[in-house]
Amino acid sequence: MTERCQGDTRPRTGPRARTAIVLAAAALLAATSAAFLPGTASAGTTLGASAAEKGRYFGTAVAASRLSDGNYTTILNREFNSVTPENEMKIDATEPQQGRFSYGAAEQIVNHARSRGMSVRGHTLAWHSQQPSWMESMSGSALRSAMLNHVTQVATHFRGQVVAWDVVNEAFEDGTSGARRNSNLQRTGNDWIEAAFRAARAADPGAKLCYNDYNTDNWTHAKTQAVYNMVRDFKSRGVPIDCVGFQSHFNNDSPYVSNYRTTLSSFAALGVDVQVTELDIQGAPAATYRSVVEDCLAVARCNGVTVWGIRDSDSWRASQTPLLFNSSGQKKAAYDAVLAALNNGTTPTDPPTTPPTTPPTTPPSGSCTATLQDSTRWGDRFNSQVTVSGASNWTVVVAVTPPQKVSNTWNGSPTWDSSGNVMTMRSNGSGNVFGFTTMANGTWTRPVVRSCTAS
Ligand code: 9MR
């Protein structure tokens, strides 16, 4: 049976389709880089701005039905720069009857987020749960076609508006078997997951495509290892997977463990991004929240953290009070711990510096201009922001003064000379402003832009 189904609107190849894809990708990247821009006015005082200083996002699950609650939206708009619809993009919501798609509630969230510069994680295209009854009763090749058509239609509808999709959710068994979950989707054939990823890539080439699951936090667990082996296999065979989501619903039965960082970094080493996608912790212990955020920040490919709701009363596990805000919308101790972790251990006592801007480098002809500005400064390190003009594909060389070391970068692809003091940063489609953190190691000399070359 062919994988191109009735109603399939995957883009055909050809110059027009390619132009549309490029435009959509450019719009997406513009929105993404806006959300990730470091150095915003409230950096250090809200979750999203502090995460952006580290080149990450801080997100929350959002329910469309709560967008009319002023207390809820005040916190949402103030604190978060990424949003995941909690239920509104699931299969039962978006295709309640076969072939009849319904996007109203999802669009309400997407519009709320994007109009305020927040990015959107899409959740989820293929899942054994929250299937509409028509899909629950299907099997075999008919179900396979229906699933692929669903992936194609929904990813196409939101093309350019969703930064990352949870393409497939929760496809592995709990326990020690390491097996795939026995679901109607699994029974269509073991290749259903990769088929879903291929359909999603074709429908929205600009979105990061994630596999998302729970109880995959403990590196020693069979389920974690099983997902790891699948991702390694996908990468080796060119299946289009870009990221792995760790739901991270921690409670007394499934606690946070200190090898969580090993889990994140081990997956990242396979060549995928990692994201904490549904974080909540029973009782919201501040120290555990802090550890999770520190673990993400310690892994360069950990893009950000999403908590699964704003106030305790918004949580699917409200009685466990697992979130960062109490039911009245007051910040809890866990909030302060997360903010401190995002600000890297200290709530900065130095006000963000507003230093002079270095004069632009004088560009030789055919090149570009790169302007370096200081950004936030802490007790041990500081951020710098470089704005490039005159080219969209650029290469900027920046030098720091030994014993300074660059510890983190965002919105560019860095390489280093053998001394480790000269960084060559290349555009990676994230816009014309990149940033980096320099560990001072006692020396506070401003980094120097050596050259800017258009390529
Ligand atoms: O938070 C969601 C809750 O409102 C729904 O009733 C529930 C139904 O399955 O799904 C919850 O979100 C789940 C997410 O989609 C996938 N990971 C587990 C989440 C908590 O159950």
Side-chain angles (χ1 to χ4, degrees), residues 59-67 69 72 76 80 82-96 105-106 108-110 120-133 135-136 147 150-151 154-155 158 162 164-175 180-181 183-186 193 196 200 209-218 221 223-224 227 243-256 274-284 292 304-325 327:
T60 179
V62 163
S65 60
R66 296 186 201 274
L67 289 175
D69 174 340
Y72 181 86
L76 168 63
F80 297 95
S82 169
V83 151
T84 305
E86 186 173 358
N87 289 298
E88 293 78 354
M89 285 183 170
K90 292 173 179 174
I91 313 172
D92 59 353
T94 49
E95 195 177 356
Q108 211 189 326
I109 296 174
V110 169
V120 178
R121 294 193 80 264
H123 173 81
T124 176
L125 296 170
W127 191 21
H128 69 278
S129 181
Q130 281 181 270
Q131 291 183 359
S133 52
M135 185 180 270
E136 273 175 338
M147 180 273 287
H150 180 85
V151 170
V154 178
F158 289 106
V162 168
W165 268 111
D166 291 332
V167 177
V168 170
N169 197 39
E170 302 176 358
F172 281 80
E173 292 284 8
D174 291 312
R180 292 282 185 86
R181 182 188 294 275
S183 69
N184 61 347
L185 293 168
Q186 180 63 27
I193 297 180
L209 305 182
C210 304
Y211 175 78
N212 190 54
D213 214 330
Y214 65 91
N215 282 354
T216 48
D217 319 290
N218 187 328
H221 278 178
K223 187 172 176 183
T224 310
V227 174
C243 39
V244 176
F246 297 83
Q247 294 184 10
S248 307
H249 293 292
F250 294 119
N251 55 52
N252 297 343
D253 297 327
S254 174
Y256 167 83
V274 293
Q275 305 180 344
V276 180
T277 51
E278 302 182 16
L279 179 63
D280 48 23
I281 312 177
Q282 181 169 12
V292 171
V305 174
T306 298
V307 287
W308 206 239
I310 297 178
R311 304 162 302 191
D312 286 332
S313 50
D314 303 319
S315 170
W316 69 300
R317 286 177 166 167
S319 65
Q320 293 186 2
T321 61
L323 295 175
L324 300 178
F325 295 85
S327 297

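Counting starts at 1 for both ligands and their atoms, in listed order. Every heavy atom of this structure was used, including side-chain atoms; hydrogens, water molecules and symmetry mates were not.
Looking at Arg66 and Leu76, their side chains never come closer than 4.5 Å, going by heavy atoms from C-beta outward.
For Phe80, there are no ring pair (Phe, Tyr, Trp, His ring centres under 6.0 Å) partners, not counting sequence neighbours. Not a single ring pair (Phe, Tyr, Trp, His ring centres under 6.0 Å) links His150 to another residue, sequence neighbours left out. Partners of Asp92 according to the side-chain hydrogen bond (donor to acceptor under 3.5 Å, both in side chains) rule, which considers only residues two or more places apart in sequence or in another chain, do not exist here.
When heavy-atom distances to ligand 1 are checked against 4.0 Å, the residues falling inside are Glu86, Asn87, Lys90, His123, Trp127, Gln130, Asn169, Glu170, Gln247, His249, Glu278, Trp308, Trp316, ordered by chain and number.
With hydrogens and angles disregarded, no donor-acceptor distance shorter than 3.5 Å links the side chain of Asp166 to the backbone of Asn169.
Side-chain N/O atoms of Gln282 and Asp253 include no donor and acceptor closer than 3.5 Å.
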